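Values in this document were obtained by computation on a predicted structure and should not be read as measured data. Throughout, numbering of the chain's residues begins at 1 and tracks the sequence.
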Amino acid sequence: MDDSRPQDIDNDAGEMPGLGLDLPAVAVPSAASGQAYRVLARKYRPQTFAELIGQDAMVQTLGNAIRRERLAHAFLMTGVRGVGKTSTARLIAKALNCIGPDGQGGPTIAPCGVCEPCVAIAEGRHIDVIEMDAASHTGIDDVREITEAVRYAAVSARYKMYIIDEAHMLSKQAWNGLLKTLEEPPPHVKFLFATTEVNKVPITVLSRCQRFDLKRIPSELLASHFAEICVKEAITAEPDALAMIADAAEGSVRDGLSILDQAIAHADLGGDASKGAPQVRAEQVRAMLGLSDRGAMRRLFAHLIAGDADAMLADLDAQHSLGVDPVAVMRGLLAMVHAITLQKSAGRVRTVHGEEDRAALADWAGKLGHASLHRLWQLLLKGHDEIESAPVPREACEMALLRALYAATMPDPGTLARRLGDAPAGGTAPSPSEAAAPPPPPPAEESPPWNAAPAEPVAPPPPATPRTMADLVDMLDNANKWLIAAQVKSDMRLIELGEDRLVYQSATGRDDYVPLLREALASITGRRWEVERGEGEAQPTLAELEQQAEAAMRDEILNHPLVKATQAAFPDAEIDWTAAEISPHGDETLPTRSAKA
């Protein structure tokens, strides 16, 4: 009987007995060592405030509060994913509970990291630092456990800390159950909330917390941070590759580290394949992310503004054969136009671009005018939207670029007006060849004299304060806040409308849109608004007023002599109101179609 037990693999020789295959030696982590691989996002989670990048204002505020012993009882960290909300909450827990290497220290903005509280908090095992995931503990019962436990003092730490992640997922009942404790907690308790959707947190909770809005991390700072991590990991990475990863991260450190982890796994090994360090190259990162080559983008853009359709389509075919998505091509061209416009307007250019990029952008900024750049931006932006919804993206991309190419040679309205003004009276129309000829290059923009005094900026007039609900809805519509305007129109019964103050009653009882309304009014007027429910006499909603007006107009139509005579002659006839055109100004109008029997 054959022995069917699996045979061992000799890692030193690299052979699999019984199969005759020569395999490369693979280093398999030993279970006894207990050293499993940790992704970069976890391995390089900041352990001190000095390692927390891009949030200097928040760190300074916390440091001053600790030094002056003006600590809040509740903190709220908000921001996009991966900017350090949960890490900041843990750092605050360490800062407030650190006792120093000698065990005699107090709260500090620079925790030692070696005392027992610091080590236990970093490892997530401190008994007095409780982390709760609100996404999976959303109910009032979970909050009731907190409200009952806060009465007891901390076991070994200075403060008992409650870190509630994804706080916006708590139910309304859970927030209401926490309000009293959150407003007047015992002196030994601190609450730390982290959320990505602060608009879903009740205003009553926001008013009880010290709020920190964590910013997106700039691409330049992210690229520098990734370069330092590559040095620590003994990895070679090209600056352009790190710049692409930083741009793709969109301000999120965690997203960028996840992409960097993937790029390292995708990278080539230098020298001996068994010993060489990974080499992260720009070409591989570009292929991994599905981005287009910046050199190819420069060539494509050059053919576009030169009006060379054959060369442009050839470059586009080359990008398609390399697997570049048509949407990525259009995004690359949009980024090119944006960079040229910034270079022309303010002399700004991203430092993550190479020298060749900067030289090309400066050259195009000197040749292209503002009107041409803004027209090209609009054409490419429209093409981008068409490609995303088109059933044939490649063909849509070609059509969009051809449209931009031929539109780029057309004169702008100002040039046409000047040509019409310069034309002699009674002149003949231009010949087809003259009409098809490209316009002459625009004159160079004259700069003001060097000794001219700069013009004082004219401040825009402040937005008018709405006096009626109709004014308020019109102001929201003009600011493209259509959804909020529709909700206000259908639900809000006005009690009082004054300077930055709105008191209302809800017609439907569903006024969860009010926080969005506050933010919209603040962004439009530049002032903070008080929007709250009230008691007293309220006006009907705008939707109710429209219904009343429509009912009155229907009565007026039914009482019209011609309609009454028609109904007397045809007793079984009915008016088809869906086909009626009712005048909004109260004119005597009749249904436009015949009555329905």
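No donor-acceptor pair under 3.5 Å is formed between the side chain of Asp315 and the backbone N or O of Met312. Using modelled atom types, no side-chain atom of His73 and backbone atom of Val189 make a donor-acceptor pair closer than 3.5 Å. Looking only at distances, a side-chain donor or acceptor of Ser321 sits under 3.5 Å from a matching main-chain atom of Ala318. At distances below 3.5 Å, not a single donor-acceptor pair connects side-chain atoms of Gln60 with backbone N or O atoms of Asp56. Judged purely by atom type and a 3.5 angstrom limit, Ser252 has no side-chain atom pairing as donor or acceptor with the backbone of Ala249. Of the possible donor and acceptor atoms, one in the side chain of Gln55 sits under 3.5 Å from a partner among the backbone N and O of Lys215.
You'll find the side chain of Ile217 stays beyond 4.5 Å of the side chain of His225, heavy atoms only. Counting heavy atoms from C-beta on, the side chains of Thr525 and Met475 come closer than 4.5 Å. Side-chain atoms of Val205 and Leu178, non-hydrogen and from C-beta on, never get closer than 4.5 Å to each other. Side-chain atoms of Lys190 and Leu71, non-hydrogen and from C-beta on, do get closer than 4.5 Å to each other. Considering only heavy atoms from C-beta on, Glu238 comes within 4.5 Å of Glu283 through its side chain. Contact of the Arg125 side chain with the Val119 side chain is registered, since non-hydrogen atoms from C-beta on lie closer than 4.5 Å. At a threshold of 4.5 Å between non-hydrogen side-chain atoms, the residues Lys344 and Leu368 do not count as touching. The closest side-chain heavy-atom distance from Leu40 to Ile264 is below 4.5 Å.
Rounding to the nearest 0.5 Å places NE2 of His370 at 12.5 Å from CD1 of Ile340. Expressed to the nearest 0.5 Å, how far CD1 of Ile245 lies from CE of Met288 amounts to 6.0 Å. Rounded to the nearest 0.5 Å, atoms CE (Met297) and CG (Leu334) are 10.5 Å apart. To the nearest 0.5 Å, atom CZ of residue Arg518 and atom CG of residue Leu502 are 9.5 Å apart. To the nearest 0.5 Å, atom NZ of residue Lys481 and atom CG of residue Leu521 are 10.0 Å apart. Distance check: Leu476 CG to Ile484 CD1 gives 6.5 Å after rounding to the nearest 0.5 Å.
Scored by the ring-ring contact (aromatic ring centres under 6.0 Å, His included) test, Trp529 finds no partners at all (sequence neighbours excluded). With sequence neighbours excluded, the residues satisfying side chain to side chain donor-acceptor pair (under 3.5 Å) with His168 are Thr195. With sequence neighbours excluded, the residues that form a side chain to side chain donor-acceptor pair (under 3.5 Å) with Arg281 are Asp268. Not counting sequence neighbours, the partners of Tyr162 by the ring-ring contact (aromatic ring centres under 6.0 Å, His included) test are Phe191. Under the rule for a salt bridge (charged side-chain N to carboxylate O under 4.0 Å, His left out), the partners of Arg208 that lie at least two apart in sequence or sit in another chain are Glu183. Applying the ring-ring contact (aromatic ring centres under 6.0 Å, His included) test to Phe49 and every residue at least two apart in sequence or in another chain returns nothing. Evaluation of the side chain to side chain contact (heavy atoms under 4.5 Å, CB included) rule for Asn176 yields Lys172, Leu179 as partners, not counting sequence neighbours. In this view, Glu532 and Arg501 satisfy the side chain to side chain donor-acceptor pair (under 3.5 Å) rule, not counting sequence neighbours. Partners of Arg42 under the salt bridge (charged side-chain N to carboxylate O under 4.0 Å, His left out) rule, at least two apart in sequence or in another chain, do not exist in this structure. Applying the side chain to side chain donor-acceptor pair (under 3.5 Å) criterion to Arg216, with sequence neighbours excluded, gives no partner residue.
Results of the side-chain contact (heavy atoms from CB on, under 4.5 Å) test with Val129 over Leu96, Leu192, Asn97 single out Asn97 as the only residue that passes. Just one of Glu166, Glu250, Glu197 meets the salt bridge (Lys or Arg N to Asp or Glu O under 4.0 Å) condition when paired with Arg81; it is Glu250.
Between the side chains of Glu233 and Tyr44, a donor-acceptor pair is found at a separation under 3.5 Å.
Screening residues 299-331 for ring pair (Phe, Tyr, Trp, His ring centres under 6.0 Å) gives Phe301-Trp364 as the qualifying pairs, with residues at least two apart or on separate chains.
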Show which side-chain atoms of residues 391-399 pair as donor or acceptor with protein atoms under 3.5 Å away, not counting sequence neighbours.
from, atom 1, to, atom 2, distance (Å)
Arg394, NH2, Asp317, OD1, 2.7

Inset, instruction - Might you work through the side chain to side chain contact (heavy atoms under 4.5 Å, CB included) test for Trp175 and Val201, ending with a clear yes or no? - result: CA-CA 9 Å; Trp175 279 123; Val201 178; 4.2 Å; yes
Legend entry - Trp377 vs Thr341, side chain to side chain contact (heavy atoms under 4.5 Å, CB included): CA-CA, chis, key distance, verdict: CA-CA 10 Å; Trp377 171 268; Thr341 307; over 6 Å; no
Legend entry - Full working for side chain to side chain contact (heavy atoms under 4.5 Å, CB included) between Arg331 and Ile387: CA-CA 11 Å; Arg331 287 176 180 170; Ile387 295 170; over 6 Å; no
Legend entry - Pair Glu131-Asp165, side chain to side chain contact (heavy atoms under 4.5 Å, CB included): steps then yes or no: CA-CA 7 Å; Glu131 292 193 29; Asp165 207 357; over 6 Å; no
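Heavy-atom neighbours of Arg38 CZ from other residues, nucleotides or ligands within 6.0 Å: above the threshold of 12.
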